[in-house]
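The structure under discussion appears below in the form of structure tokens.
Hydrogens, waters and symmetry mates are skipped; everything else that's a heavy atom, side chains included, is used. It should be emphasised that the depicted structure is a prediction, and the values quoted were computed from it without experimental measurement. Counting starts at 1 for both ligands and their atoms, following the listed order.
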Amino acid sequence: MILEAIQYAATALVTPREFRPFIRSSLGLWGRAGRCAKDWAAHEEHCHAFIHETIAPMKQKRTAVVLGSGLLRDVPIFELSRQFDTVVLVDLVHLASVRAWIRAKRLSNVRLISRDLSGLSEALGGKDPEPLAFLRQVPYLDLVVSANIVSQIGLGCRRVLERSGHADPDAVLSRLIEAHLDGLAGLPCKTALLTDVAYEVTDRQGKVVEADDLLCGVPAPAARHGWDWPVAPFRELGGDRQAVHRVIAAHPSI
Ligand SMILES: C[S@@+](CC[C@H](N)C(=O)[O-])C[C@H]1O[C@@H](n2cnc3c(N)ncnc32)[C@H](O)[C@@H]1O
């Protein structure tokens with residue numbers, strides 16, 4: 001609790017005002033990731049392996065951008081920092097502990113950007129959302145990784161839309177997810193998409209008590225690999241339920 005309060009205060013100091021409301025959710029992820037470290041290890045290894053497989057044949061490795069870099073658990077940051085001239089991490093929030101760790105490891109070519117990657121304000125303003133358009137301004141861009149952020153954009157924006165009483169949240173969410181996937185597919189560089197696409201909540205007998213798509217009906221690109229991620233094991237959900245997400249790894253622009 002004390003550690004969390006320190007982490008909150010230290011992060012708030014270095015986070016632009018508009019992104020401070022998202023610190024709590026990053027802290028939630030931090031707590032969950034710590035509690036579920038063993039259960040998440042295989043998922044994180046799969047993510048690292050896919051990024052490794054993506055960059056191994058690349059000849060030019062100038063700038064890499066990671067969307068939804070979060071706690072840098074799914075992302076082989078040492079490998080990216082070693083192999084690329086510059087690595088840009090984009091997220092709503094970069095926790096103080098993540099910033100300190102990057103400094104301690106002397107990853108001096110890693111840059112951090114706080115940015116809303118959802119496109120929600122454009123969509124609500126009646127424009128076609130282009131949440132990844134800013135990537136066109138990034139010089140020498142050779143790689144973009146979307147690191148388990150797509151479903152989170154959907155969940156975060158659903159909360160905002162439902163709270164404001166929006167008439168058709170599902171339609172907006174599908175447009176945002178589609179815009180992210182189309183944005184990736186349209187980039188003139190190598191791309192790697194890691195995303196959970198669906199989940200199931202099961203009881204101890206294996207009976208499915210809840211299941212849903214996490215991409216709001218938007219078709220996922222053809223997967224190179226797929227695996228299950230026990231996001232909330234039994235003890236996390238209070239003993240008699242677990243939530244397992246289906247994850248895919250894809251190369252949308254190739
Ligand atoms: C499941 S976590 C990804 C974990 C991360 N790749 C890692 O290695 O620790 C999803 C991340 O997406 C970020 N995120 C969610 N919605 C976002 C948005 N609209 N814009 C930018 N980042 C967002 C969250 O802050 C979180 O860090």
TODO: Answer yes or no: is there a side-chain heavy-atom contact under 4.5 Å between Leu193 and Pro221?
DONE: yes
Task: Minimum side-chain heavy-atom gap Leu80-Leu143 below 4.5 Å - done: yes
Short question: side chain of [X], backbone of [Y] - any donor-acceptor pair under 3.5 Å?
| X | Y | result |
| --- | --- | --- |
| Gln7 | Ser97 | yes |
| Lys61 | Ile55 | yes |
| His180 | Ser118 | no |

TODO: Using the side-chain hydrogen bond (donor to acceptor under 3.5 Å, both in side chains) rule, pick out the option among Arg35, Gln242, Arg241 that qualifies with Glu236.
DONE: Arg35
Nearest neighbour in protein (non-hydrogen) for [atom]:
| atom | value |
| --- | --- |
| atom 25 (O) of ligand 1 | Asp91 OD1, 2.6 Å |
| atom 1 (C) of ligand 1 | Asn148 O, 3.4 Å |
| atom 9 (O) of ligand 1 | Leu71 N, 2.9 Å |
| atom 20 (N) of ligand 1 | Leu117 N, 2.8 Å |
| atom 17 (C) of ligand 1 | Leu92 CD1, 3.4 Å |

Can you tell which part of [X] has a heavy atom less than 4.0 Å from ligand 1: side chain, backbone, both or neither?
| X | value |
| --- | --- |
| Leu29 | side chain |
| Ser25 | neither |
| Glu44 | neither |

Counting only heavy atoms, tell me which of [options] gets closest to [atom].
| atom | options | result |
| --- | --- | --- |
| atom 8 (O) of ligand 1 | Asp74, Asp116, Val66, Leu120 | Asp74 |
| atom 21 (C) of ligand 1 | Arg32, Gln152, Arg115, His180 | Arg115 |
| atom 23 (C) of ligand 1 | Ile153, Leu95, Ile149, Val231 | Ile149 |

Open item on the list: If the contact criterion is a heavy-atom separation under 4.0 Å, does Ser69 count as touching ligand 1?
Closed with: yes
Open item on the list: So that I can tick it off, tell me whether Asp85 and Arg62 are bridged by a salt bridge, with the cut-off set at under 4.0 angstrom between side-chain N and carboxylate O.
Closed with: no
Task: Residue Tyr140 excluded, over 12 heavy atoms near OH under 6.0 Å - done: no
- [ ] Specify whether Trp229 and His43 have parallel, tilted or perpendicular ring planes, treating 30° as the upper limit for parallel and 60° as the lower limit for perpendicular.
- [x] parallel
Task: For Ala147, the ligand 1 atoms whose distance to one of its heavy atoms is below 4.0 Å - done: 3 (C), 6 (N)
TODO: Find all atoms of ligand 1 within a distance of less than 4.0 Å from any non-hydrogen atom belonging to Leu72, and give their numbers and elements.
DONE: 7 (C), 8 (O), 9 (O)
Open item on the list: Is there a polar contact between ligand 1 and Val93, counting only N or O atoms under 3.5 Å apart?
Closed with: no
Open item on the list: Arg73 versus ligand 1: do any nitrogen or oxygen atoms come within less than 3.5 Å of each other?
Closed with: yes
TODO: Report yes or no: is the cationic atom of Arg115 (NZ for Lys, CZ for Arg) closer than 6.0 Å to the six-membered ring centre of Phe134, at no more than 45° off its axis?
DONE: yes
